[in-house]
Amino acid sequence: MKRKHATRSRSSALLEQPATVWRHSQRNRVIEDAWLTDVSVGLKVGFDRETHSTTSLFGPRNKLVRSPQAETILGLISALNAKDPYTARHSIRVESYARCIAKRLKLGPEITKMIRIAALLHDIGKIGIADSILTKKGPLTETEFETMKEHPALGASILGPIHFMDPLLPLVVHHHEWFDGNGYPAGLSADAIPFGAKVIQAADCVDAMMWPRSYRTGFPISKIITEFEEGSGSQFDPNIARITIEWLHEYSAIMESQLAKGAGYD
Ligand SMILES: [Fe+2]
Ligand SMILES: [Fe+2]
């Protein structure tokens, strides 16, 4: 109960923050290419080692991963992996999809970095969701889904004490908003949704549809493209949906091949 109360007060302030308030402050210029590269290297090492160990995503400390920011992100992903390996691997895939979409949107390096880090951590709040719901073998009940919908605000609560995460919080909080306002947690629509959150939402949906769950098979890429065509303007920002569809067409053969091998696309 105590945790829920703290989460509500924290999230209520974030939910009232319009996308236009999001600014890249001087303090956040510590987010630089070098340590984001460290994160990528750490993830690559972890992903490769995953085939040898299911208990740790990263294995022994890699000497290339040394900046505090990179270690913070890798530590958070590792914590998520300890809680639910599926969600950790999903987060790594969503980062790679979001990076591809951001590149095709011709976004600048700063916003691209923000999107990549927020994509890695977008579901970190699932650490606070009960295992009986998070790893349930089957569709969630309405009550369980309501609990699951707390994960964006829980994510902001987890990342909130880490100052360099400040500009990422709106992207984490709003990654389940819909363009038409029918998403959650705030029901924001169109340009009120942080742009980066809309990119992550598209990447998140690609992965959610593509990968099989215990209760359903993964969608073929052709069906994912159809979902984006039909969801453009309702679930998805039309411009981001168009770019995502272009990217899915371009890389469908590569992605199908990676999927067949059981690996994420990169
Ligand atoms: Fe999510
Ligand atoms: Fe997700």
Side-chain angles (χ1 to χ4, degrees), residues 7 10-11 14-15 43 47 57 73 76-102 114-131 133-136 139-140 142 144-160 165 168-179 182-188 193-216 218-219 224 227-228 231 235-237 240-241 244 248 255 259 264-266:
T7 300
R10 173 69 177 160
S11 61
L14 285 163
L15 298 184
L43 292 173
F47 199 70
L57 195 62
I73 293 170
L76 287 164
I77 297 288
S78 198
L80 184 59
N81 187 56
K83 168 76 174 180
D84 179 20
Y86 181 90
T87 301
R89 290 194 292 270
H90 157 76
S91 300
I92 293 168
R93 293 193 300 266
V94 169
E95 186 276 331
S96 69
Y97 306 153
R99 188 191 334 151
C100 292
I101 296 168
M114 296 298 164
I115 288 171
R116 290 179 60 189
I117 299 163
L120 276 173
L121 300 172
H122 74 284
D123 278 339
I124 193 72
K126 289 186 177 177
I127 285 176
I129 301 295
D131 289 348
I133 296 175
L134 186 60
T135 59
K136 183 180 177 185
L140 300 181
E142 198 172 321
E144 289 168 338
F145 186 57
E146 287 303 312
T147 300
M148 182 66 95
K149 284 163 71 174
E150 294 177 5
H151 80 269
L154 284 169
S157 294
I158 291 169
L159 302 178
M165 297 285 184
L168 314 179
L169 298 187
L171 280 64
V172 171
V173 170
H174 296 296
H175 76 269
H176 281 290
E177 305 288 357
W178 281 28
F179 189 77
N182 282 319
Y184 67 89
L188 299 182
I193 306 170
F195 186 81
K198 291 189 280 192
V199 174
I200 294 169
Q201 181 236 15
D204 191 29
C205 288
V206 168
D207 195 67
M209 288 189 269
M210 184 182 298
W211 286 78
R213 301 308 303 260
S214 58
Y215 53 91
R216 64 156 174 78
F219 290 4
I224 299 174
E227 293 288 328
F228 270 85
Q235 185 171 0
F236 306 108
D237 179 293
I240 295 172
T244 302
L248 286 167
M255 293 168 77
L259 199 59
Y265 168 72
D266 193 332

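Just follow the structure's listing: the first ligand is 1, and inside any ligand the first atom is 1.
Residues passing the ring pair (Phe, Tyr, Trp, His ring centres under 6.0 Å) test with F236, sequence neighbours excluded: F228. In this structure, the side chain to side chain donor-acceptor pair (under 3.5 Å) partners of D207, at least two apart in sequence or on a different chain, are H90, R93, Y97, W211. Under the side chain to side chain donor-acceptor pair (under 3.5 Å) criterion, E227 pairs with K223, sequence neighbours left out.
If you look at the Fe ion (ligand 1), the protein N, O or S atoms less than 2.8 Å from it are D123 OD1, H151 NE2, H175 NE2, H176 NE2.
In this structure, Q201 contributes its side chain and H176 its backbone to no donor-acceptor pair below 3.5 Å. A side-chain donor-acceptor contact under 3.5 Å links K83 to the backbone of I129.
Put simply, CG on L154 and CD1 on I127 are 10.0 Å apart, with the number rounded to the nearest 0.5 Å.
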